[in-house]
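Here's the structure we're looking at; comments come further down.
Lettering of chains follows the sequences in order, A, B, ..., and the numbering in each one begins at 1.
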Amino acid sequence: MSEPATVAAQLRELSLYYELEGDKHRAFAYDRASKSVMAAQGLHRLVDENRLEELPGIGPSIARVVSELARTGSVPVLEAMRSKWPTVVVELAALPKVGVLKARKLFDAFKPANLEAISLLCEEGQIRELPGFGKTTEQKIYAAIEKRRTTGAQVLLEDAEDASAAVAAHLRGEPSVKRVEVAGAVRRAVEVVDALAFAVVGDDRAAIAARLASFPLITSVERETMPIVGHFADGMRAEVWVGAPLRFGWTHVLATGSRAHVETLRAEAAARAVDLDTLYAPDEQRVYRALDLPFVPPELRDGTDEITAAYAGDDYSDLVTLEDVTAAFHCHTTYSDGRNSVAQMAQAAAELGFQAITITDHSAAASYASGLDAVRLREQHAEIAALEDPPVRILRGTEADILVDGSIDVPPELIDELDVIIASVHQRYKADEAAMTERLITVMRAPYFKIWGHALGRYVMRRDPIAVRIDDVLDAIAESPAAIEINGDPHRLDLDPVNARKAKARGIKFVLSSDAHSTKGLGAVRYAVAMARRARLRKRDVLNTLPADELAAAVRPRGP
DNA sequence: GCCGTTTTCGGCCCGACTGTTTTCAGTCG
């Protein structure tokens, strides 16, 4: 049966077709049904028991569609829509600043064969002549197609993981396939993924290519290439690297990349007269061993200096792991914009194996998130104190806004009552570089311990980082009572690995956090761990790997 | 197509923003 994420993607695709047909409300219904399928628990069971209509937004008609998609991977209406509407319309609608309506207008006016044709029309200045379009829009479309040409489609790591899991499960359905591993940028935990990749053990390439082609979201497959490449309707690619079992190690390395990492390995192999393509290596460890290298964790294979560092003696065995993390850091509750109570968050943290949790709701200045003033903060502290036998140690904290003047939104008399302060920019993101740098340095130098929250304020693919002289701020932090958060919210992943490496080089400490706004959100800490590993952080670089008592002492604003 | 009732049809999500307009259409979150 198809994965829920796959069914959801097909419903979204149907939604887009209905919108193209002008049936706005049906499109909305399918979009809502798609979200519902995504959020559903135990979709397969609901299908089996004919209970899909229990899901919100799913009535008799969509229930039939979902059931058929889940069971067979397709449905006639989707196939009909795919042959009626050429790929280029879908691709146009997916471009930033171009929606379904503009895509439809462009298609009706020009009947373009592909994005290339639209690009050409931009160059000729023809797009701007269309009613509703202008010079600016034309330039944006041109730039978007240009970007698409160089980088392909791009999705968040989190979404790429879901898609990869679905494709991997599908490939495992081919009888001649012995093993399927998710590889590529997903395995390397790159924030933005532009191609899915898989390492497969099998001896029947044709059968594997055919299996890939039958994945519900894939529209075409290049079968003769190495790797086999499948194309999704939205421009995403799936690369499938096939290898024999005794040489799977090298296949796995090739599929994982990065390109620069692989090239470096090839060069080292050539220097040692090792033939990687025929090397006996059932696993990756043996590939690296053959080159006198320790196992290089996937997150580090970015092609910078990970090989050089390994030859210089770093065996990467002490990189921080999820198991090292002792405290659920940076958590919101119903006091501000979270969905669960303090007690529920503490319970969920305990169930995930944490020893402690930091409750850090927004401060008063974050009024849009119902930030807490001193009165409500003390109410929360009283509630925490009243909890009988809490399942984990609870640190009373705040995520305080960094105000424009470089002060932190915590009344001075409250600092002594707090166990931890996270200081974050939530307003006036667009301050100029000099002002923002000054503002942050002032905050970091404040004479009590604080943790810089979601440092550069980016939203991956949606909002650029703040403009700031990062080196100056890091220099200030290095000599101040301050640490830096690596925020595991899949949309933030902030501070990013490149800058985190710079911070680590200055001896700055980190916390790995989830920025959870619900019990479910606590799991996002694994992304923080992944970013930390990419930054080559060790357990000793991360404060919330300490036992709860030591952690509490380390982050207390005023010290012991 | 779904949903909720004013019970079998009529409304469905909305505000900020941007670019294209000259009062609005379309995108995005």
Side-chain angles (χ1 to χ4, degrees), chain A residues 7-8 10-40 46 50-70 75-78 80-81 89-109 118 122 125-145 147-148 153-156 158-159 192 234 337 366-369 426-430 454 457-464 489-492 515 517:
Chain A
V7 176
Q10 288 174 304
L11 292 175
R12 236 180 356 262
E13 196 180 336
L14 277 168
S15 167
L16 186 137
Y17 291 128
Y18 284 124
E19 200 174 344
L20 277 168
E21 310 237 307
D23 196 344
K24 218 167 82 180
H25 297 306
R26 194 185 305 217
F28 184 70
Y30 271 84
D31 195 52
R32 198 169 39 167
S34 159
K35 292 192 177 91
S36 192
V37 162
M38 206 59 192
L46 292 176
N50 275 323
R51 288 165 51 212
L52 285 167
E53 289 180 54
E54 290 175 17
L55 295 175
I58 297 192
S61 176
I62 293 184
R64 277 195 299 278
V65 171
V66 169
S67 176
E68 197 170 340
L69 287 174
V75 69
V77 64
L78 179 59
M81 290 292 198
V89 191
V90 180
E91 289 177 325
L92 276 171
L95 292 178
K97 310 292 171 191
V98 184
V100 172
L101 289 149
K102 278 204 165 76
R104 176 77 205 260
K105 280 187 189 170
L106 288 168
F107 180 70
D108 286 345
I118 293 289
C122 288
Q126 290 205 51
I127 303 293
R128 73 183 69 175
E129 303 302 328
L130 268 190
F133 291 72
K135 203 175 159 190
T136 312
T137 303
E138 183 179 84
Q139 282 166 353
K140 283 191 171 166
I141 292 173
Y142 185 74
I145 294 175
K147 184 158 184 287
R148 174 71 178 273
Q154 296 193 318
V155 295
L156 281 184
E158 185 187 33
D159 298 329
V192 178
D234 64 1
D337 56 353
S367 53
Y368 61 91
H426 283 124
Q427 44 186 291
R428 302 292 290 274
Y429 278 98
K430 291 182 181 169
H454 49 70
R458 70 161 170 182
Y459 281 124
V460 180
M461 298 197 296
R462 286 218 308 268
R463 182 171 73 201
D464 287 336
D489 179 332
H491 296 276
R492 291 191 180 272
D515 202 351
H517 286 70

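Residues satisfying the side-chain contact (heavy atoms from CB on, under 4.5 Å) test with A:Lys24, not counting sequence neighbours, are none.
Of all nucleotides present, only B:dC14 satisfies the Watson-Crick or G-U wobble test against B:dG29, with each distance under 3.5 Å.
Residue A:Leu11 is tested with A:Val75, A:Val37, A:Leu78 for a side-chain contact (heavy atoms from CB on, under 4.5 Å); the sole match is A:Val37.
Nucleotides B:dT23 and B:dC28, compared at atom P, are 26 Å apart to the nearest Å. Separation of the P atoms belonging to B:dA16 and B:dG11 is 25 Å when rounded to the nearest angstrom. Rounded to whole Å, the C1' atom of B:dC3 lies 12 Å from the corresponding atom of B:dT8. Rounded to whole Å, the separation between the P atoms of B:dT21 and B:dG26 comes to 12 Å. Rounded to a whole angstrom, the distance from the C1' atom of B:dT6 to that of B:dC13 is 22 Å. Using atom P as the reference point in both B:dT22 and B:dC17, the two lie 23 Å apart (nearest Å). Using C1' as the reference atom, B:dT7 and B:dC14 are 28 Å apart when rounded to the nearest Å.
Look at B:dT18: its glycosidic torsion is beyond 90° from 0, and that puts it in the anti range.
Between A:Glu19 atom CD and B:dT27 atom C1' the separation is 11 Å, expressed in whole Å. Distance, A:Arg26 CZ to B:dC2 P: 9 Å, rounded to whole Å. Distance OH (A:Tyr17) to P (B:dG1): 18 Å, rounded to an integer number of Å. In this structure, A:Lys35 places its NZ atom 12 Å from P of B:dG29, rounding to the nearest Å. With rounding to whole Å, A:Arg12 atom CZ is found 20 Å from B:dG1 atom P. We find that CD of A:Glu53 is positioned 13 Å from P of B:dG1, with the value rounded to whole Å.
In this structure, A:Ala27 and A:Glu19 approach most closely via the heavy-atom pair CB-N, 3.7 Å. Here the closest heavy-atom approach between residue A:Val89 and residue A:Ala103 is recorded as O-CB, 3.8 Å. Nearest heavy-atom pair across A:Lys105 and A:Leu130 is O-CD1, 4.2 Å.
A donor-acceptor contact closer than 3.5 angstrom is absent between the side chains of A:Tyr17 and A:Glu21. Remark: the A:Tyr459 side chain and the A:Arg492 side chain contain an N/O donor-acceptor pair separated by less than 3.5 Å.
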Would you tabulate the nitrogen or oxygen pairs shorter than 3.5 Å linking the protein to nucleotides 6-14 of chain B?
residue, atom, partner, partner atom, Å
B:dC12, N4, A:His25, NE2, 3.3

Between protein and nucleotides 19-26 of chain B, what N or O pairs are separated by less than 3.5 Å?
residue, atom, partner, partner atom, Å
B:dG19, OP1, A:Lys140, NZ, 2.4
B:dG19, O3', A:Thr137, OG1, 3.3
B:dT20, OP1, A:Gly134, N, 2.8
B:dT20, OP1, A:Gly134, O, 3.3
B:dT20, OP1, A:Thr137, N, 3.2
B:dT20, OP1, A:Thr137, OG1, 3.0
B:dT20, OP2, A:Thr136, OG1, 3.1
B:dG26, OP1, A:Lys105, NZ, 2.9

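In terms of modelled atom types and a separation under 3.5 Å, the side chain of A:Ser36 and the main chain of A:Pro56 share a donor-acceptor contact. In terms of modelled atom types and a separation under 3.5 Å, the side chain of A:Arg463 and the main chain of A:Gly457 share a donor-acceptor contact. A:Glu138 contributes a side-chain N or O that, together with a main-chain N or O of A:Ile127, makes up a donor-acceptor pair within less than 3.5 Å.
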